[in-house]
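Numbering starts at 1 and runs along the sequence shown.
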Amino acid sequence: VVGKSAAAIANLIGKQVNISSSNCHNEPADALEASKPGSSVHFFEDGLYTATEMVGVLESLLDMRKASGRKNKVRPLKNPDLLRDRKVFLRFAVGCDYGISLLKRFISENNLQNIEIYVSENKIVNVLSEAGQLEIASQNTSLEKLWESGIPDGMVTPSLYVNCMVWGSQEKTASAREFCRKVGRQLFFNYLEAQVRKRKWTMWPEVKIDKCAHGMWGLGLALAFSHSVPKSTIPLFWASGPVSVGNKTIEWKPLFPNAA
């Protein structure tokens, strides 16, 4: 079980499946190093949205992050070849085509074809245009550039606005989208400011913050778990702080105040 939600996911899996504690690990490296040749290893995560978390795990297992000065997310493997020698399944409760496409490309570029991604078909949120799918799949833009800047504007439709019937009409959808963009951009900035103060982050460029007004890279999810809320969910759900609406400035209180 991997990621920030590992404890909650492990508890849920334990209630549903009779797995020996010796076969269940919180560290991916422990699971791979305890496995036998020819066996399969299953990684569980709650969601796959932008692929940042899972790619970070795979990079860490291969000890790829050291060269760029980034901290490992998990313990590196003593023998990195183990990640390619085992049949590995990455299992997610829900996924987004944006993250799935990026993770597939990382797997392909790093000769990890032994790794399979599994998300139930009816649990996949589609936000990419055909051009967006091609942008990620092609090698015209490096993965490093995609992590840093996202894909060009217009290639992602935030999930909340894909189906106009959710809002009642195209006009209401457009109005809701504009409201969420204005408020969401301010809330995401508030979140980043807090990270700069608390964790010494470097403030992001304005254009990158603009792309995250509907959640990370504009995915616009309306998704929350009991244990966490992904940053790809609209900031109105999880972020807080002062926002200006019309001529008024208010202190925004999120639906899920502990998520950020």
Please determine whether the number of non-hydrogen atoms from other residues, nucleotides or ligands lying under 6.0 Å from atom [atom1] of [X] exceeds 12.
X: Glu178; atom1: CD; value: yes
X: Glu130; atom1: CD; value: no
X: Asn247; atom1: CG; value: no
X: Lys87; atom1: NZ; value: yes

Glu109/Lys104 salt bridge by N-O under 4.0 Å criterion: no
Heavy-atom side-chain proximity of [X] to [Y] below 4.5 angstrom:
X: Lys73; Y: Val55; value: no
X: Ile115; Y: Leu58; value: yes
X: Arg75; Y: Asp30; value: yes
X: Phe89; Y: Ile117; value: no

Calculate, to the nearest 0.5 Å, the distance between atoms [atom1] and [atom2] belonging to [X] and [Y] respectively.
X: Cys96; Y: Leu128; atom1: SG; atom2: CG; value: 6.5 Å
X: Ser142; Y: Glu148; atom1: OG; atom2: CD; value: 10.0 Å
X: Leu103; Y: Tyr49; atom1: CG; atom2: OH; value: 13.5 Å
X: Ser244; Y: Trp252; atom1: OG; atom2: CH2; value: 12.5 Å

Lys66, Lys71, Arg70 screened by salt bridge (Lys or Arg N to Asp or Glu O under 4.0 Å) with Glu59, the one that passes: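 For Glu59, the salt bridge (Lys or Arg N to Asp or Glu O under 4.0 Å) check succeeds only for Arg70.
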Distance-only polar pair, side chains of Gln133 and Ser101, donor-acceptor under 3.5 Å: no
Whether Tyr161 and His214 hold their rings parallel, tilted or perpendicular, with breakpoints at 30° and 60°: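 Correct class here is perpendicular.
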Aromatic plane relationship, Phe188 with Tyr191 - under 30° parallel, 30 to 60° tilted, over 60° perpendicular: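 Perpendicular, since the angle between the ring planes exceeds 60°.
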Short side-chain to backbone donor-acceptor contact, Ser120 and Lys123, under 3.5 Å: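 Not a single qualifying donor-acceptor pair exists.
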Check: Leu146 main-chain N/O paired with Ser149 side-chain donor or acceptor under 3.5 Å: no
